[in-house]
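Report on the following structure.
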2 protein chains.
Amino acid sequence: MAEDLLDAALLEFAAHGFEGTSTRQIARRAGWHQPQINYHFESKEALWQAAVDKLFAELASTTADLFSGPPSDLAGAFAEGIRRFVAFSARRPELFRIMSLESTADSERLDWIAERHIRPRFEIIRDAWERLRATGVGATIDGVTAYQLIVGFGSFPFANSPAVRRLTSLDMSNPAAVSGHADALIALLLPEHRDLPGASARRNEPGSTDRIA
Amino acid sequence: MAEDLLDAALLEFAAHGFEGTSTRQIARRAGWHQPQINYHFESKEALWQAAVDKLFAELASTTADLFSGPPSDLAGAFAEGIRRFVAFSARRPELFRIMSLESTADSERLDWIAERHIRPRFEIIRDAWERLRATGVGATIDGVTAYQLIVGFGSFPFANSPAVRRLTSLDMSNPAAVSGHADALIALLLPEHRDLPGASARRNEPGSTDRIA
DNA sequence: GTCTATAATTAGATAGAC
DNA sequence: GTCTATCTAATTATAGAC
């Protein structure tokens, strides 16, 4: 099944980079034989593109409905978007890893991923943030900085979970750690939001580790 | 000169990962012949360790004096530490790139870098933050989260500067962008700090692009 | 210490039997 | 479509002349 191979490719590319990953490793992980990759995909590069397309399609499906309706509660939609993005980063740390790997040096892969996948999401988030700020809500940072905070800080502990585990014995795949991190990010971006009705009810549920001191 | 080779190694390892970097690329960048690397270093792995040691020595030299004196102005020392770390991340984006590359999968290199370099710095920052919070100052986040905010958000736009450039035409190597990003991070962590004497004088200097909206 | 040549291994991709 | 065998090129590392 091609889905299995794409998932294996995402894990390997995210862990070792494009050049550092061999198609044999990917095939072995998925239970394929290496030449099957070149039968089903034009090249290693085409396999990478197909895997990245799948990853961003998964992300899109978790946030598609957020900014489609009327902007009656933009702050609430923003907070919900952050919760979903943080949860997705925990489930799919490959997203941030591959974005980071490809964002550090000029390359054709960066051109491709920036224009095809990152730019549309970046512009939606930046513009939504600036509309929100225009209503007087939110931390006093601009849209570009808010995007960097959401993506950089929101994904960081999940993309680096093996390092986090070594330094703290925290398990970032724990659902309480995931929602706690989302709450911390929301508190930084939307300091007023914890006072809004129903905003942070989940923070006080039993069993949730409250990362807010 | 061995310094030149280690700098070349850092750039290549940071851009392509350990497995994705060939010793020939490194040698070519530094003007060496490939077999010289194996004469001066035991292996590709030993070269990587020497390069990472050099990188963290540079970081240590920029922050060595910060927490040594009496903790009379812990918030001020914290803000100054953030400014220096952000400036270092801009000058040496290889630090964050290599940390991220090695923090995503279990490996002997992660064991080595986590214990030798990351843990000591993590514990200093986490503990300093919790002492600061005990005085009632600072955002309501715990020490682990503060560390993730400083490292993740503080380094993100510099480690990903080629992507930032594509999306925004911002040049993150611009000194105003560097100090603006440090100010944004300080404002998130230490909301009270902008009111302290001399805290953010540089933000209002002519020519500085104020990223605070 | 430096350099050319090369050994031993592995990479992406293809040929061709089935 | 699958699988074995293999091609060409690139990899890390070493041998040995200078």
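Naming convention: chains lettered A, B, ... in sequence-line order (proteins, then strands); numbering from 1 in each chain. Computed from heavy atoms alone, side chains included, the values below leave out hydrogens, waters and symmetry copies.
With D:dA13, C:dC3, D:dT4 as the choices, the nucleotide that has an atom nearest any side-chain atom of B:His33 turns out to be C:dC3. The side chain of B:Asn38 sits closest to D:dA13 out of C:dG12, D:dT2, D:dA13. Closest to the A:Pro35 side chain, of the nucleotides D:dT2, D:dT4, D:dA13, is D:dT4. Among the nucleotides D:dT2, C:dG12, D:dT11, the one closest to any side-chain atom of B:Ser22 is D:dT11. Distances were taken from every side-chain heavy atom of A:His40 (C-beta onward) to each of D:dA13, C:dA13, D:dT2; the shortest belongs to D:dT2. Set against D:dT14, D:dT2, C:dT2, the side chain of A:Tyr39 has D:dT2 as its closest nucleotide.
A ring pair (Phe, Tyr, Trp, His ring centres under 6.0 Å) with A:Tyr147 is found for exactly one of A:Phe78, A:Phe122, A:Phe85, namely A:Phe122.
Residue A:Arg28 contributes atom CZ, which lies 16 Å from atom P of D:dC3 at whole-angstrom precision. With rounding to whole Å, B:Leu5 atom CG is found 14 Å from C:dT2 atom C1'. Computed from coordinates, the B:Trp32 CH2 to C:dT4 C1' distance equals 18 Å when rounded to whole Å. Taking atom CD on A:Gln25 and atom C1' on C:dT9, their separation rounds to 14 Å, with Å as the unit. Computed from coordinates, the B:Ile26 CD1 to D:dT11 P distance equals 11 Å when rounded to whole Å. Going from atom CZ of B:Phe18 over to atom C1' of D:dT11 covers 12 Å, rounded to whole Å. In this structure, A:Gln34 places its CD atom 15 Å from P of D:dC7, rounding to the nearest Å. The CZ atom of A:Arg24 sits 11 Å away from the C1' atom of D:dA5 (whole-angstrom rounding).
Side-chain atoms of B:Leu188 and B:Phe153, non-hydrogen and from C-beta on, do get closer than 4.5 Å to each other. No side-chain heavy atom of B:Glu58 sits less than 4.5 Å from a side-chain heavy atom of B:Asp53.
Side-chain nitrogen and oxygen atoms of A:Gln36 include at least one within less than 4.0 Å of the OP1 or OP2 phosphate oxygen of D:dC3.
With respect to the salt-bridge test (charged N to carboxylate O, under 4.0 angstrom), the residues A:Arg126 and A:Asp142 do not qualify.
A donor atom on one side chain and an acceptor atom on the other are not found under 3.5 Å apart for A:Gln36 and A:His40.
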